[in-house]
Trainee: 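I have a structure here, written as structure tokens, and I will follow up with some questions on it.
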Amino acid sequence: MGINWFKYSSPQAFHPLAGKMIPWFSVAAGLLIIIGLYIGFFVAPTDFQQGDSYRIIFVHVPAAWMSMFLYVIMAAWAGVGLGLNARPSFMMAQAIAPTGAMFTFIALLTGAMWGKPTWGAWWVWDARLTSELILLFQYIGIILLRAAIDDLRRADRASAVLALVGVVNVPIIYFSVRWWNTLHQGASVSMTASPKMATTMLTAMLIMTVGFWMYSFAVTLARVRCVILDRERQPMWGNQTSIQEVAEAR
Amino acid sequence: MLQTVALRGSRGQRQLFSDISVTVKPGTLLAVAGENGSGKTSFLRMLCGLLSPDDGAVLWQGKDIRQLKELYCAQLIYIGHLNGIKDDLTPTENIKISAGLAGGDSSSEIVRKALEAVGLGRSTHTLPTRVLSQGQKRRVALARLWLSTRPLWFLDEPFASLDTLAATYLTQRLQSHLGNGGMVVVSTHQEIALPTDSIQHLRLSR
Amino acid sequence: MLQTVALRGSRGQRQLFSDISVTVKPGTLLAVAGENGSGKTSFLRMLCGLLSPDDGAVLWQGKDIRQLKELYCAQLIYIGHLNGIKDDLTPTENIKISAGLAGGDSSSEIVRKALEAVGLGRSTHTLPTRVLSQGQKRRVALARLWLSTRPLWFLDEPFASLDTLAATYLTQRLQSHLGNGGMVVVSTHQEIALPTDSIQHLRLSR
Amino acid sequence: MSQPSMSEALGGVVRRDLLLAMRHRSDVAMSVFFVVIVASLFPLGVGPEAAVLRMIGPGVLWVTALLACLLSLGRLFTADYLDGVLEQTALIPQSLAVLVIGKVFAHWVVSGLPVVLLSPLLGLQFGLDGVTLGVLTLSLLLGTPTLSMIGAIGAALTLGLRGSGLLVALLVLPLFIPVLIFGAGAVTSSVSGIGSEANLSLLGACFLLSFAFAPWATAVALRIALE
Amino acid sequence: MSQPSMSEALGGVVRRDLLLAMRHRSDVAMSVFFVVIVASLFPLGVGPEAAVLRMIGPGVLWVTALLACLLSLGRLFTADYLDGVLEQTALIPQSLAVLVIGKVFAHWVVSGLPVVLLSPLLGLQFGLDGVTLGVLTLSLLLGTPTLSMIGAIGAALTLGLRGSGLLVALLVLPLFIPVLIFGAGAVTSSVSGIGSEANLSLLGACFLLSFAFAPWATAVALRIALE
Amino acid sequence: MQWGSVSEFFAMGGYGLYVWVSFGVTALCMFGEVLAVWRRHAAAVAESRDVS
Ligand code: HEM
Ligand SMILES: Nc1ncnc2c1ncn2[C@@H]1O[C@H](COP(=O)(O)OP(=O)(O)OP(=O)(O)O)[C@@H](O)[C@H]1O
Ligand SMILES: Nc1ncnc2c1ncn2[C@@H]1O[C@H](COP(=O)(O)OP(=O)(O)OP(=O)(O)O)[C@@H](O)[C@H]1O
Ligand SMILES: [Mg+2]
Ligand SMILES: [Mg+2]
């Protein structure tokens, strides 16, 4: 008989736990982003080539990274959900999608804002840019597919399959600058080579990135709580009173 | 031998049945009864492995069908509410292809015999199934039973829209299958004219 | 009063029936019997005007229905093998809209009563019809009969896939309709539990 | 006896189809996204040069609108045919041609109207100027209902004549082409500064013509399909 | 007990689908017709300048092939789903992924192959030269099966959902885009005299990747849809 | 610190529009998302209270 202990890991127990974690992540996110912005705007020097337009990097790069990370994490939860038939991991995947889509949108928009002064065009059909746009479409597709299916079980699993299939795009985005001759900048932070950027710039960017991480944790957990409540309201998990207690025990 | 162990099933938010443990021994028929919407179809699909149970398991010869997978599929025939035949192909083509897909003999002679056994006259064999009447379509679907050497049959309201003659043919076929040690699970609102000792009843209630 | 005059019908190359002259008087039911494929469905569709006869005519109150057209449509209800309901709408929406299209009263109260009369519990009224069982879908289709004030009903195997309870409801509804001077033409493989003097039988043979 | 008035019958048909479309609120969003994505495919395939894009813009947008119509044409009658709603519709005591208008209208609201409303934005992608955007929207507003109307004939014929779909294609696609040429022509002539009145009034004529004949032809085709 | 060999099962699935396609040969004609019409619309809409046509030719032809695939995706599983053949297929004692390959192959033979065979003729319309025509055909030969394979995932995921024609487009178009870019890129680079090997081998990689993963994902999606 | 005055800071060396639109939209999106999730949670809690 299949072992399904994940199925019994109770969302009811998770709801208050998430409630306790959210404030910490929120505070961390706020602090880190403020520090990052301070270093970015007041400590980091003006770039001698791009002038001050380069400061877009402090949102562009963290957002672009988050868009890819979140996709991978979402797909991982989806995979776990499919493999172990675990409802909570589907909920995590569901909760991550909108935030991922938002960061993708931000990466695209800030990229366009950066492209106009540096390349002279809002948009070019370059491999990195196009693949990032595709990522946005993928997020939207996953969200819409879920919205189009009434049956929760099917909605969970169908969007999980779609999320897993779409993972191929992430390495394409990441390596597009290396594989193709693109207008877009190559990686300036890498494990092997020493950073090419000014250290203050790099520091600000990394702090912003960690801040965005914290933000994503907080928002995702909060959304998972909504998802749990939405699903529990339907009488499938029975026991209505305990749900209300859980909701109030925030 | 087919066994269910504490089977629980639900659709959407509704639990349909729970804790169903039955055993279908060779040579016996399990008649699943119940009102409309009580979960007969869901139960049958679960026994086939098309639907996964919320809890419990279905065992074939003592092994979980989720482990057996294709090996289990090779033991069974399922005929649901939908006939599973192609409207644009003729009855002959339909049966020939599904016999081929089942890995059995699919010579024209055998296919013709099966269609005749279920009471479809020669003239209908080469019409597109689309133009046949409701009952004739059902007969085409049921003709697969006459070709089968598989032990386990799942029939979802097989008698619906059959006339009395066709119903007799089907009953006879069920009897001979049981006589050969086959097993049948059937859902129906009608009485089945078979010796009572070979029939086991399961009633689902809402 | 519905009359057929020397009606002849064929599908493709096959003649199904010929020279059928029957009269359905107010308060009576015409039960059309026959094997699968004998032409019951075709006969009913011909009476509705969905299919045109090869020969002969169908008369309503003495006038040819091909002349009457929409006026005739306003007198009848036809429920065929297909349920004619939208899978993606709920039973309530389905019935409400078809009541509106029939020009009748379509208040929520009346729709709810009709669905309950046919034995569908409250909880199913607001599910998409797609998830209902075969028999529950059939019940939704039949619920139209409880809203109708039209005199002429054509029912094609209405009892198929209904459980016994639902069948009783339907029989009672037929009886009350006949009592009000309505007319019913029904095709079925089952016996209909109605007083024999109000039933007239027509047997089609292949 | 109970007989619905024409407006009741028409309203019922339209309401049911719109209700079905609204069942998933994402439905309308979907046709919008479809058009956006397809319109972005062309720059991807053709390459990013602005002059080329401006030149092919009107044609591409019109083909996109046509495809959105074509893609959704399948759900016009097929579902109704398969679940028996179509035969019930044929038994409604009103002229079937009128009911067909209702169905086509509902179909257009869901699949055509969003494209019309979106078209100015898409035109911007291809670098069209203000006046041209107006002409584009107007041409689509006249053209897409015409396409739906003509498409309905094809959809109805396909229900009946399963075997001879080629005939349907031969019949309907040539009817689509004039609409496309006048539509794209109106926009192109506005791009190059020539007046677009001639093309637009031809489009209007197409609309009136299809409005007069298509519902009738569709009703006949449907009755044949139901026999 | 009676269990079909893999080739028996695969053969049965392919034979049934091809037989069905032969029953209405119009289906094959339809996708050919669609490609011809759409591809001919562009010279009509854009104007007859040879240089422009040669420039947009590869992109237009590839987009057309892509759309033809997209339009025919609806046929892949829907009919089988509605008439219960799909659940019977899921009960065949062979890996469902293998059977999916069979179905996709039959679908490609009907909707993709004709387009590939027709492409040299269409390329001539756009003034492409001999070598380029070869590259065009080769790129489509590699690309269209990839499209069918990817499309199958989308078709399976949206089975039985309303508005699925558009939803499926939304789901698969993002995954189609790389194929489109490499395909059109191969032809464009051949037009401008650069070697097209790089793009063609990327197309090949896409084909292999989709062949390895798509049938499996499709099978999972089908089982989900059948629940 | 390289900024001489507040207006110099907002001008961003001539790139003010691009920089501030980027940061502004990002802030808007993030705050909007937080607000949306917060309201959704409130609604979900309210509704689950109604049900029970
Ligand atoms: C809409 C247009 C743009 C999009 C979609 C986009 C997308 C991305 C993505 C996905 C990344 C993260 C991937 C990685 O770390 O390798 C990234 C990083 C980056 N982008 Fe952009 N970008 C756009 C425009 C620009 C512009 C105009 C510039 C500057 C001229 C730029 C400069 C950078 C830099 C410096 C990085 C960091 C690379 C690294 O350190 O690894 N981007 N972009
Ligand atoms: N998403 C859902 N939400 C609530 N109930 C559902 C959902 N999906 C299915 N159901 C219910 O599950 C039941 C399915 O029953 P099933 O088809 O197994 O019945 P059945 O016993 O075969 O009935 P019949 O005799 O009419 O064929 C129905 O009562 C239906 O209303
Ligand atoms: N094109 C055709 N060529 C030959 N025969 C045809 C053609 N179209 C229909 N038929 C025959 O016409 C008959 C249609 O019968 P109909 O559907 O009216 O039967 P029925 O009495 O309702 O049967 P059932 O009890 O099975 O519903 C069938 O026997 C069918 O084979
Ligand atoms: Mg059932
Ligand atoms: Mg019949």
Side-chain angles (χ1 to χ4, degrees), chain A residues 26 29 33 37 40-47 50-56 58-60 62-63 95 98-99 102-103 105-106 109-118 212 215 218-223 225-230 232-235 239-248 250, chain F:
Chain A
S26 312
I33 289 174
L37 286 178
F41 278 112
F42 298 108
V43 181
T46 304
D47 189 81
Q50 300 189 13
D52 284 313
S53 72
Y54 92 91
R55 287 180 205 274
I56 295 176
F58 302 123
V59 276
H60 173 72
T99 306
M102 186 198 72
F103 277 122
F105 171 73
I106 292 177
L109 187 111
T110 54
M113 285 297 148
W114 201 354
K116 188 65 184 172
T118 31
F212 277 22
Y215 168 87
V219 170
T220 308
L221 286 176
R223 196 178 283 112
R225 274 158 51 100
C226 301
V227 172
I228 291 175
L229 285 181
D230 282 349
E232 285 212 18
R233 207 179 323 128
Q234 280 137 359
N239 209 349
Q240 294 293 328
T241 46
S242 83
I243 300 158
Q244 193 199 334
E245 282 159 16
V246 167
E248 279 170 356
R250 282 177 297 157
Chain F
M1 169 137 355
Q2 59 269 338
W3 312 110
S5 68
V6 176
S7 62
E8 205 175 293
F9 174 67
F10 282 111
M12 275 291 148
Y15 295 112
L17 178 70
Y18 304 116
V19 174
W20 296 123
V21 167
S22 298
F23 281 82
V25 171
T26 307
L28 217 68
C29 283
M30 287 165 81
F31 282 120
E33 194 190 17
V34 169
L35 196 73
V37 172
W38 192 61
R39 287 169 77 181
R40 183 175 164 193
H41 190 257
V45 170
E47 262 191 65
S48 65
R49 202 171 284 140
D50 284 351
V51 171
S52 45

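Order of the sequence lines sets the chain letters (A, B, ...), proteins ahead of strands, with each chain counted from 1.
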Trainee: Are the side chains of T110(A) and T26(F) in contact, using a 4.5 Å heavy-atom criterion?
Mentor: yes
Trainee: Please identify, among G32(F), S22(F), A36(F), the residue contributing the most non-hydrogen atom pairs under 4.5 Å to chain A.
Mentor: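 Of G32(F), S22(F), A36(F), S22(F) has the most heavy-atom pairs under 4.5 Å with chain A.
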Trainee: Listed by chain and number, what are the side chain to side chain contact (heavy atoms under 4.5 Å, CB included) partners of C29(F), not counting sequence neighbours?
Mentor: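 Scan of C29(F) (side chain to side chain contact (heavy atoms under 4.5 Å, CB included), adjacent residues dropped) gives M102(A), F105(A), I106(A), V25(F).
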Trainee: Of all residues at least two apart in sequence or in a different chain, which pass the ring-ring contact (aromatic ring centres under 6.0 Å, His included) check with F41(A)?
Mentor: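 F41(A): ring-ring contact (aromatic ring centres under 6.0 Å, His included) contacts with F9(F), W20(F), F23(F).
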Trainee: Closest approach of Y15(F) and P117(A), non-hydrogen atoms and distance?
Mentor: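 Reported closest heavy-atom pair: CE2-CB, 3.5 Å.
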Trainee: Any idea which heavy atoms bring M12(F) and D52(A) closest together, and the distance?
Mentor: O-CB, 3.3 Å
Trainee: Quick one: CZ on R223(A) to CZ on R40(F), what's the gap to the nearest 0.5 Å?
Mentor: 7.0 Å
Trainee: For K116(A) and Y18(F), work out which heavy atoms get closest and say how close.
Mentor: CG-OH, 3.5 Å
Trainee: So, does Y215(A) use its side chain to make a donor-acceptor pair with the main chain of M30(F) at under 3.5 Å?
Mentor: yes
Trainee: Can you tell which of T46(A), L109(A), T99(A) has the highest number of heavy-atom pairs within less than 4.5 Å of chain F?
Mentor: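 Top option by heavy-atom pairs under 4.5 Å: T99(A).
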Trainee: Given that the side chain runs from C-beta out, which part of S26(A) has a heavy atom under 4.5 Å from chain F: side chain, backbone, both or neither?
Mentor: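 It is neither, since no heavy atom gets under 4.5 Å.
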Trainee: List the atom of A44(F), the atom of D230(A), and the distance in Å for their closest heavy-atom pair.
Mentor: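 Looking at all heavy atoms of both residues, the closest pair is CB-OD1, 3.6 Å.
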Trainee: Taking side chain as everything from C-beta outward and backbone as N, CA, C, O, which of these in A218(A) sits under 4.5 Å from a heavy atom of chain F? Side chain, backbone, both or neither.
Mentor: neither
